[in-house]
Amino acid sequence: MGEGRVRPLAGEARAPGRGPVLYWMQRDQRAQDNWALVQAQAAALAAGRPLGVVFCLAPEFLDAARRQYVFLLAGLRETAAELAALNIPFVLLAGDPAREVAEFVARHDAARLVLDFNPLRLPTSWQAEVARRVTMPVDQVDAHNVVPVWVASPKQEYAAATLRPKLNRVLHRYLQEFPPLVTHPHPWAEAPRGLDLVAALDRVRAADHGPALAWITPGPRAARAALATFVSQRLDDYALGRNDPTRAAQSDLSPYFHFGQLAPQRAALAVATHPGAEASREAYLEELIVRRELSDNFCFYNPHYDDASCFPDWARGTLEAHAADRREVILTRDQLEAAASPDPLWNAAQRELVHRGKMHGYLRMYWAKQILTWSRDADEALAHAIALNDRYHLDGRDPNGYVGCAWSIGGVHDRPWGERPVFGMVRSMTHGGCRRKFKIDVYMKQIGHLVHGSQA
DNA sequence: ATCGGCTCGCGCAA
DNA sequence: TGCGCGAAGCCGAT
């Protein structure tokens, strides 16, 4: 599975419990291609124990909206069925994860507890709390990154350029085929039923932000199909077309990655072995591995990933120096949310976000940067961008989102550029620049149809 | 269409 | 200590 994939989180010296090995599934919500489950099953087989998976639904998670929970629960239903068919019970809990999981694990006297990895503060604090409360050994497995984040680098990296060689040096050791999860030979006879996955949506206190989504089907099976379609039909156009919002060259896989319904490593394997345009393969693997894992590196080593104190010194200085620059207009968060800015291109991007739950990658940068020009300062702009990103993006509340906003507004992982009003030396993007790069009128027309069609 | 200048600091070679 | 070069930039000159 690759050196360092598993790290003890607590209790190396603790005695194992007398019950099953339990995997507390959080970020990686799939049965196959999941290193945490591979590790949990290996431990269970070695000890001759049953294996179980527990998931705790937090009734509110960082302002997640209803359609995000719908996506999550639909995927979990499929994953639970897949696990049950392999003789691995799946148990759904609801409530405060730190308390519920700790109690559950103690009640069933788990032999070991296995965790997956998410660098964000809230899930990390839940894990730490559970590890402190339980009495058996706890292992953490980075099941999300191709190269485990603590292996890739021991520190916060300055930019993609500094992380890239570190990843490339060890990539061949980690970019390997997954072993399959097998039918578990030791049944967990006393496994509780847990909550019903269909009724669970009623326990969620989530507001309805944005219409229900029909263009994307949740679940690991649909994720594999979407990957196959992308590789066979759009990958060759990726190098040239990915920054053109009017061309469908993007993978559209990020919602699956975010909810762990598809392993980035599975996508990397599929792309790396695909014959065809070399430039497109490299461009995609750069974004899938280097830039995505740079986001995990940032959030793992910098707990201020979602406030302006995480910006590099040069960016904070230059933004400060331009804080008093005249703004065209100051917009409230409600005005931004309602796509009521003076820029029709920005409004179209915001409408795409609301109606599709996903904005084109190139426009995500433009969108966040423009918010800076309509905010009193960079702190306020970052707060607006993160709030709207998390509320509407299917892949919101993810390291990629926080780092994307910090890159756009605060120069994180970027370098300084020619000084301009408001932005200072932070790289700017303009309406005119977009006009030069793609047909903005075609994009705005496409979004007009999207909005009109889904409001009927 | 393409090019260069804008500007800072990391990491490495020396 | 010096030097090369960088996640998607802009703009004006050619």
Side-chain angles (χ1 to χ4, degrees), chain A residues 152-169 237-247 249-251 254 264 279-299 301-302 305 310-322 325 328 343 345-346 349 359-373 378 381 385 389 398-440 443:
Chain A
S153 169
K155 65 187 185 94
Q156 181 187 322
E157 289 296 330
Y158 182 73
T162 59
L163 180 62
R164 190 180 298 114
K166 295 181 181 179
L167 292 177
N168 286 337
R169 265 198 295 276
D237 191 35
Y238 192 79
L240 289 173
R242 72 182 187 280
N243 285 341
D244 183 344
T246 69
R247 272 158 90 167
Q250 295 210 133
S251 74
S254 63
S280 280
R281 268 204 309 275
E282 274 181 16
Y284 186 73
L285 291 174
E286 165 75 14
E287 300 202 9
L288 175 71
I289 301 178
V290 177
R291 298 184 195 177
R292 197 184 42 74
E293 303 200 357
L294 182 61
S295 297
D296 264 36
N297 167 277
F298 187 76
C299 295
Y301 289 112
N302 193 331
Y305 53 79
C310 75
F311 297 173
D313 288 342
W314 67 264
R316 290 175 63 179
T318 196
L319 288 166
E320 181 92 1
H322 288 268
D325 288 4
E328 179 186 17
D343 175 4
L345 175 59
W346 190 93
M359 191 189 300
H360 189 278
Y362 184 77
L363 284 171
R364 290 191 191 202
M365 300 183 287
Y366 176 74
W367 174 88
K369 284 179 182 292
Q370 295 325 104
I371 292 176
L372 178 60
T373 70
N389 180 74
D398 190 282
N400 288 304
Y402 299 116
V403 171
C405 291
W407 179 87
S408 299
I409 294 166
V412 167
H413 297 152
D414 204 6
R415 61 167 165 143
W417 296 86
E419 197 157 10
R420 296 170 59 83
V422 181
F423 287 96
M425 291 179 294
V426 172
R427 181 196 304 255
S428 71
M429 290 173 77
T430 61
H431 187 95
C434 289
R435 191 184 289 281
R436 259 180 271 122
K437 289 192 171 63
F438 66 94
K439 294 176 177 144
I440 63 172
Y443 172 73

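Here is the naming used below: chain letters follow the sequence lines, and residue numbers restart at 1 for every chain.
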Under 4.0 Å, counting only non-hydrogen atoms across every strand here, what does A:Arg164 touch: a base, just sugar-phosphate, or nothing?
sugar-phosphate
Residue A:Thr162, side-chain heavy atoms: nucleotide from B:dC10, C:dG6, C:dG9 that is nearest:
B:dC10
For C:dA7 and B:dT2, measure between their P atoms and round to the nearest Å.
22 Å
A:Leu163 CG to B:dC10 P: how many Å, rounded?
16 Å
Each stem that DNA chain C is part of, given as range with range (3 or more consecutive Watson-Crick or G-U pairs, under 3.5 Å)
B:1-6 with C:9-14, B:8-13 with C:1-6
Please report, rounded to the nearest Å, how far the C1' atom of C:dG9 is from the NE2 atom of A:His413.
18 Å
Between atom SG of A:Cys405 and atom CG of A:Leu372, what is the distance when rounded to the nearest 0.5 Å?
12.0 Å
Could you tell me the separation between the CD atom of A:Glu157 and the P atom of B:dG11, rounded to a whole number of Å?
6 Å
Verify whether one side chain among A:His322 and A:Glu419 offers a donor that lies under 3.5 Å from an acceptor in the other.
yes
Can you list the residues that meet the ring-ring contact (aromatic ring centres under 6.0 Å, His included) rule with A:His360, with sequence neighbours excluded?
none
Please report, rounded to the nearest Å, how far the C1' atom of C:dG9 is from the CG atom of A:Leu372.
14 Å
Whole-Å P distance, B:dA14 and C:dC5:
15 Å
Sequence neighbours excluded, the answer for side chain to side chain donor-acceptor pair (under 3.5 Å) partners of A:Trp407 is none
Partners passing side chain to side chain donor-acceptor pair (under 3.5 Å) against A:Gln156 (at least two apart in sequence or in another chain):
A:Asn302
Could you run through nucleotides 3-9 of chain B and give me one letter per nucleotide, 5' to 3': B if any protein heavy atom sits under 4.0 Å from the base, S if only the sugar-phosphate is that close, - if neither?
---BBBS
ring-ring contact (aromatic ring centres under 6.0 Å, His included) involving A:Tyr284 - partner list, sequence neighbours excluded:
A:Phe230, A:Tyr238
Taking only N/O atoms, report every protein-nucleotides 11-14 of chain C pair under 3.5 Å with atom names and distance.
| from | atom 1 | to | atom 2 | distance (Å) |
| --- | --- | --- | --- | --- |
| C:dC11 | OP2 | A:Arg436 | NH2 | 3.0 |

Reckon A:Glu286 touches a base, only the sugar-phosphate, or nothing at all at heavy-atom distances under 4.0 Å?
nothing
Sorted by first residue and then second, give each salt bridge (charged side-chain N to carboxylate O under 4.0 Å, His left out) pair with at least one member in residues 398-417 of chain A; sequence neighbours left out.
A:Asp414-A:Arg427
Rounded off to whole Å, could you give me the OH-to-P distance for the A:Tyr402 and C:dA7 pair?
24 Å
A:Leu294 CG - C:dA7 P separation (whole Å):
9 Å
With a 4.0 Å cut-off on heavy atoms, is A:Asp414 in touch with a base, just the backbone sugar-phosphate, or nothing at all?
sugar-phosphate
Could you tell me whether the side chain of A:Asn297 and the main chain of A:Lys155 form a donor-acceptor pair under 3.5 Å?
yes
Under the side chain to side chain donor-acceptor pair (under 3.5 Å) test, which residues partner A:Tyr443, sequence neighbours left out?
A:Glu352
Please give the distance between the P atoms of B:dG5 and C:dG4 as a whole number of Å.
14 Å
Pairwise P distance, C:dG12 and B:dT7 [rounded to whole Å]
16 Å
Keeping to residues at least two apart or across chains, list the salt bridge (charged side-chain N to carboxylate O under 4.0 Å, His left out) pairs with something in residues 399-411 of chain A.
none
Could you state the CE-P distance from A:Met365 to C:dG9, rounded to the nearest angstrom?
7 Å
Give one of base, sugar-phosphate or nothing for A:Lys437, where a contact means two heavy atoms less than 4.0 Å apart.
sugar-phosphate
Indicate whether OP1 or OP2 belonging to B:dG11 is found under 4.0 Å from a side-chain N or O atom of A:Lys155.
yes
By ring-ring contact (aromatic ring centres under 6.0 Å, His included) - contacts of A:Phe298 (at least two apart):
A:His413
Contacts of type side chain to side chain donor-acceptor pair (under 3.5 Å), residue A:Arg242, not counting sequence neighbours:
A:Glu287
